[in-house]
Amino acid sequence: MDKMKKADWFLIYITVVIGITLLRISKGYPYGLVQFLNSFVELAGNIIEYFGLTKIFYILQNIPIKWLLFFVAGIQMAIGFLVLYLFRSVWEQGTMILLKKGNTVLKTGITLYIMIVSVIAIFICSIVGLPIGGIMILLTHIAISFGRIPIMIFLGYLLLQQFRIKGEIYLYYMIGGFVMLLFESVYMIGNAFLFFVFPVFALGIDMLIFLYYFVYQCRLPVEFEQKHKFDRKKMRDIIKKDL
């Protein structure tokens with residue numbers, strides 16, 4: 001990773017402090033957002049009653065919330081595996097962007113986070129714009145979910161590098177996913193990582209992937225790519241030549 005200046009480390013510190021502070025002083029969600037989410041809860045309740053799924057609902061209610069969160073995280077990781085398999089080169093570039101240009105990712109992510117939250121807040125505070133705000137929240141959540149994939153690969157790569165273990169990108173992703181879940185589960189500051197720190201980096205990665213990979217078509221060399229692969233055809237030709 002590029003050497004970060006003292007100002008960049010100070011910016012990271014301020015980012016974490018602001019995230020924790022906002023979560024601590026927040027007394028609740030906006031009334032409009034609560035109404036919007038309550039409508040989905042009522043709709044889900046009507047669907048459950050219509051299809052006779054009340055018993056399943058009660059069973060889910062008795063399951064500890066931690067197990068449900070692990071289940072949801074497992075589903076997200078499974079979806080991430082599929083997305084990573086289908087678009088591997090994109091997320092490799094995202095990981096390299098985070099590895100090589102971490103300070104740019106942070107600054108871009110903070111800017112986008114503030115802009116998106118501000119726009120969503122404006123829409124949510126208006127009854128007319130409430131559906132648009134809900135759609136923006138959904139789209140932002142999808143974008144952050146995609147942006148978390150390179151972060152997981154990055155964390156897994158850094159962790160295994162400390163033990164001088166070379167692995168495949170899927171191994172980095174899996175290890176990094178558990179590391180990210182560990183950060184989000186830390187008492188007092190877990191919510192700051194979940195709702196602020198990781199979303200900031202995810203949004204920054206999404207924007208830079210779009211600019212570098214799709215607009216400028218710039219490719220960064222992938223450090224964890226296997227450079228020397230076993231070439232069966234070459235080995236077969238050498239054996240035949242000796243014979």
Side-chain angles (χ1 to χ4, degrees), residues 1-2 4 12 15-16 19 66-106 108-109 112-113 138-186 189-214 218-230:
M1 185 185 296
D2 292 340
M4 301 180 70
I12 295 175
T15 301
V16 176
K66 290 184 178 180
W67 289 107
L68 288 177
L69 291 176
F70 275 109
F71 178 73
V72 173
I75 293 178
Q76 290 181 342
M77 287 195 65
I79 296 174
F81 266 116
L82 178 61
V83 174
L84 178 60
Y85 175 77
L86 295 175
F87 308 101
R88 173 171 175 166
S89 60
V90 176
W91 308 122
E92 283 179 340
Q93 289 300 306
T95 306
M96 290 299 103
I97 289 173
L98 181 58
L99 187 65
K100 299 295 185 180
K101 302 180 180 294
N103 52 350
T104 306
V105 170
L106 178 61
T108 305
L112 286 174
Y113 187 90
L138 177 61
L139 294 177
T140 303
H141 178 71
I142 294 174
I144 290 174
S145 297
F146 285 146
R148 287 167 63 95
I149 296 175
I151 299 177
M152 293 181 184
I153 300 171
F154 172 77
L155 292 175
Y157 174 70
L158 287 187
L159 180 61
L160 293 185
Q161 280 289 99
Q162 299 301 316
F163 298 98
R164 297 182 180 180
I165 300 175
K166 293 183 179 181
E168 180 65 25
I169 186 172
Y170 301 107
L171 177 62
Y172 297 143
Y173 172 79
M174 184 175 65
I175 298 297
F178 286 113
V179 174
M180 181 178 285
L181 184 61
L182 178 63
F183 275 112
E184 295 172 347
S185 302
V186 175
I189 64 172
N191 288 337
F193 281 103
L194 178 62
F195 294 110
F196 191 77
V197 178
F198 288 142
V200 162
F201 279 97
L203 291 173
I205 291 171
D206 287 337
M207 177 56 70
L208 292 182
I209 285 178
F210 175 75
L211 292 176
Y212 281 90
Y213 190 84
F214 294 103
C218 176
R219 304 291 188 270
L220 298 174
V222 181
E223 289 191 3
F224 49 78
E225 190 177 46
Q226 294 181 357
K227 297 181 180 180
H228 304 287
K229 295 184 178 180
F230 181 72

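All heavy atoms count here, side chains included; hydrogens, waters and symmetry mates do not.
Considering every non-hydrogen atom in both Leu106 and Phe201, the closest pair reads CD1-CZ, 3.8 Å. Contact between Ile205 and Pro150 at its shortest, heavy atoms only, is CG2-CG, 3.8 Å. Among all heavy-atom pairs drawn from Gly80 and Tyr173, the shortest one is CA-OH, 3.2 Å. Nearest heavy-atom pair, Thr104 versus Thr108, reported as atom, atom and distance to 0.1 Å: O-OG1, 2.8 Å.
Under the 4.5 Å side-chain criterion, counting only non-hydrogen atoms from C-beta, Cys218 is not in contact with Tyr213. Two residues are said to be in side-chain contact when any heavy atoms from C-beta on lie closer than 4.5 Å; Ile153 and Leu84 meet this criterion. Contact of the Ile97 side chain with the Leu220 side chain is registered, since non-hydrogen atoms from C-beta on lie closer than 4.5 Å. Using a 4.5 Å cut-off on side-chain heavy atoms (C-beta onward), Leu171 and Leu160 make contact. Within the 4.5 Å cutoff, the side chain of Tyr212 has heavy atoms near those of the Lys101 side chain. In this structure, Tyr113 and Phe196 have side chains that are in contact, with non-hydrogen atoms separated by less than 4.5 Å.
Other residues, nucleotides and ligands place more than 12 heavy atoms under 6.0 Å from the CZ atom of Phe81.
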Using side chain to side chain contact (heavy atoms under 4.5 Å, CB included), reason through Leu155 and Ile175 one step at a time and then give a plain yes or no. CA-CA 8 Å; Leu155 292 175; Ile175 298 297; over 6 Å; no
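Here CE of Met180 is found 9.5 Å from CE of Met77. Values are rounded to the nearest 0.5 Å. To the nearest 0.5 Å, the span separating CG on Asp206 from CD1 on Ile142 amounts to 11.5 Å. How far CG of Leu181 is from CE of Met152: 8.5 Å, rounded to the nearest 0.5 Å. Distance check: Tyr157 OH to Ile169 CD1 gives 11.5 Å after rounding to the nearest 0.5 Å. With rounding to the nearest 0.5 angstrom, the CD1 atom of Ile144 is 9.5 Å from the CD1 atom of Ile151. Interatomic distance, CD1 of Ile79 versus CD1 of Ile149, reported as 9.5 Å (0.5 Å rounding).
Residues Thr95 and Tyr172 bring no donor and acceptor atom of their side chains to less than 3.5 Å of each other.
With hydrogens and angles ignored, the 3.5 Å screen pairs no side-chain donor or acceptor of Glu92 with any backbone N or O of Val222.
By the 30° and 60° cut-offs, the orientation of the rings of Phe198 relative to Phe183 is perpendicular. Ring geometry for Tyr170 versus Tyr85: interplanar angle of 30 to 60°, hence tilted.
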